[in-house]
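Notes for the one structure printed next.
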Amino acid sequence: MRRALGTLTIAFSFAATLLLFAAVLFFVGVIVYRGWSGLAPGLIFGDTRPLDALLLRRQVFDGLFPAMAGTLALMALTMTLAVPAGLATGIYLAEYARGRGKALLSLLFDILAGLPSIVVGLAGLALTIILHRIFPGRIGPCLLISALALAFLVLPYLVRSVQLALESVPRTLRLTAPALGADKLTTIRAVLLPACLPEIAGGIILAVGRAIEDTAVIMLTGAVASAGVPRSLLAQYEALPFYIYYISGQYADPEELQRGFAAALLLLAMCVVMLLAAQLLSTGNPLRRRP
Amino acid sequence: MTTTMNGKIRTEKLSFSYGERLLLGDISVEFADQAITAITGPSGTGKSTLLTVFNRLWEEIGGGALRGRVLLRLEGRWQDIHAAEMPVSMLRRRVGMVFQTPNPLPMSISANLAFPLKLAGIEDKQEIAARSREALLRVHLLTEVEDRLGSDARLLSGGQQQRLCLARALMLHPEVLLLDEPTSSLDPKACTGIEELLLELKESCAIVLVSHYQDQISRIADQVYLLGERTLLRQR
Ligand SMILES: Nc1ncnc2c1ncn2[C@@H]1O[C@H](COP(=O)(O)OP(=O)(O)O)[C@@H](O)[C@H]1O
Ligand SMILES: [Mg+2]
C-alpha cells in the first residue's frame, strides 16, 4: 500500500513537471513562431533611416524604436533611483539593525515584495494627482513618476538580496578587516561589499527583469500608445510591455498583431539575457547542477 | 604574580562567558616574549575565544562578557588593553592574528598587503611596496607571487593564501602574533613551511599558537598550556 502510494506520488510529480514543461515550451514556441515572422527590417525603425532615428533627427512613427527607447530610459531612471536606496537599506538591515526593529523592518519588506503591481500603480496615480494639484498644468503622468513607482516596486527585492548577500559572508572573512584595525564602515566598504558584489549584481539584474516587464504600474502612471522618444523626465513615453498590451487589444489588422508578437519576442529575449546574466554573476554557471 | 622581564601577555583573574556559559574562569597567567606559547585542549573549550580576548576581537562577534584584566607589554611597558589610552584599532595593529581558514580579502595580493598599512595611515607607494616585499620574503612567498602581485589573492593555493595572511599580519611589525590552528587546513608540506617560519618569527615577537597537533607542539612550542574546565594548566 505504502509502496503504491510512493509510486503514485512520483508518477504524479513527474506528470506535473512534464505538463508544466510542455506548457512553457508551447508558450515560448507560440511567441517565437508568431514573433519571428514579424522580425522584419522595418520592425524597429519603420521607414526612417536607423541613423536618423538613433540621433533623434527624425521621429519614428511606424516602428518599435520609441517603445524600446522608452523602456530603456525607464529602466535607467528606475535603477538610478532604486539601487542607491536598496543598497543603503540592505546594508543597514544586515549590519546595523538589531533585534525587534530588524525583525519588523524585514517583515515590512517581505510584505512590500508581495504587493501587487497594480496597487503600486494606483499609488503612483494618486501621487500624480496630488502633484498635479500642486503644480497645475506642469506635472501629469510621466516618465519620472513611473520610474518612482517602479523603483518602489523593486526596492524590496534589492533590499533583501543585498541583506542576504551581506549576511552570508563567512565569519572569518567578516572578522578579517577588524582584526587588522579597521572600523565598521571601512570593513563594509573594503571587504563586505566587494565580497558579495556578484550576488548584489545578480539581485540588481533580477530587479531590472521584474521592472522591465511590468505593465500595470506604467499604464497608470505615464505610458501611452504614441509619444515618440521621451524628451524629458516629465514627458509621457512609450514602452514595450505597454505596446504589447495595447496592440493585443486594439489591433486593426493581422499585421499589427504580428508586430505585437515581435515586440513580445524582443522583451522575452531581453528578460532571458538578463536572467542568464544574473545567474552567471551569482553562481558562475547557469547550467550548473543544482543540489 | 610578579612582573618578569620576559613576560609579554598577562591576564589577571580573567573570566569570559557567552550568555550563561562560563568558558574561562579566573585565569591568571603570563606568556613569555620571544617564545611560542601553545594552547591545546578539546574542541569547544574556548581556545579560539581566548585568542580573541587578546585583541578584543570578541567584541565584534557579540554575545560575550569579560571580567578581569588583560595586559600586554607593548614597547617595553605593561599596558591594560581595555584602558582608554589604548584605542582598539591601535591594539589590533600591535597584535596580529591569523585564522584557522585562510582569509584573503577580496582584492589583489598587493592590495591585501597594503590594506593594514593604509588603515594605519601609511600611503607612500614606495614604502608600501618595500614593506610588502619584506613581508613576502619573511613568509617565503616572494618568489612564488612576485610576477602576479596584481592578481586576485583568492586564486592562490591554500598554503599560499595562509602564508599571505601571515605576511599581511606582519606588515605592521606586530609585537604579539595570535595563531588559531593556522596549519589545520594545509597539507603536510605547507604545514612544515609555516612551522619553520614561526620559529624564525618568534625572535621578534610573542606567539600564541592554538593547536591540537601534539607533534607540532612538541616540535616548536616553548610553553604549553592545556585549556579544559575553564582553566589553563601549564604542561610544559
Ligand atoms: N558568539 C558566540 N555566542 C555564543 N557562544 C559561542 C560564540 N562563539 C563561540 N561560542 C561557544 O563557545 C565555545 C567555545 O568556542 P571556541 O572558542 O571556538 O572553542 P575552541 O576554539 O576551543 O574549539 C563553544 O561551545 C562555542 O559554541
Ligand atoms: Mg577554535
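Please read all numbers here as calculations on a predicted model, not as lab measurements. Residue numbers begin at 1 in each chain, while the letters A, B, ... track the order of the sequences.
A distance of 10.5 Å separates CG in A:Leu180 from CE in B:Met171, rounded to the nearest 0.5 Å. Put simply, CD on B:Glu60 and OG1 on A:Thr187 are 7.5 Å apart, with the number rounded to the nearest 0.5 Å.
Within a 6.0 Å sphere centred on CZ of B:Arg133, heavy atoms belonging to other residues, nucleotides or ligands number 12 at most. Under a cut-off of 6.0 angstrom, the local environment of OH in A:Tyr96 is crowded, with over 12 non-hydrogen atoms contributed by other residues, nucleotides or ligands. Residue B:Arg148 places its CZ atom among more than 12 non-hydrogen atoms of other residues, nucleotides or ligands, all under 6.0 Å distant. In this structure, B:Arg77 places its CZ atom where only 12 or fewer heavy-atom neighbours from other residues, nucleotides or ligands lie under 6.0 Å away. The 12-atom threshold is exceeded at CZ of A:Phe65, counting heavy atoms of other residues, nucleotides or ligands nearer than 6.0 Å.
B:Asn103 and A:Thr172 share no donor-acceptor pair across their side chains, judged by distance under 3.5 Å alone.
Neither the backbone nor the side chain of A:Arg174 comes within less than 4.5 Å of any heavy atom of chain B. B:Pro104 touches chain A through its backbone: at least one of N, CA, C or O sits under 4.5 Å from a heavy atom, while the side chain does not. For B:Met107, the part lying under 4.5 angstrom from a heavy atom of chain A is the side chain only.
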- Test side-chain contact (heavy atoms from CB on, under 4.5 Å) on A:Leu175 and B:Met97 and set out the steps. CA-CA 10 Å; A:Leu175 290 177; B:Met97 185 170 210; over 6 Å; no
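Heavy-atom pairs under 4.5 Å with chain A peak, among B:Thr52, B:Asn55, B:Ile61, at B:Ile61. Per-residue counts of heavy-atom pairs under 4.5 Å with chain B were compared for A:Pro170, A:Pro194, A:Ala179; the largest is that of A:Ala179. Among A:Gly181, A:Ala195, A:Ala177, the residue with the largest count of heavy-atom pairs under 4.5 Å with chain B is A:Gly181.
Chain A is approached within less than 4.5 Å, heavy atom to heavy atom, by B:Pro116, B:Leu119 from residues 116-125 of chain B, ordered by number.
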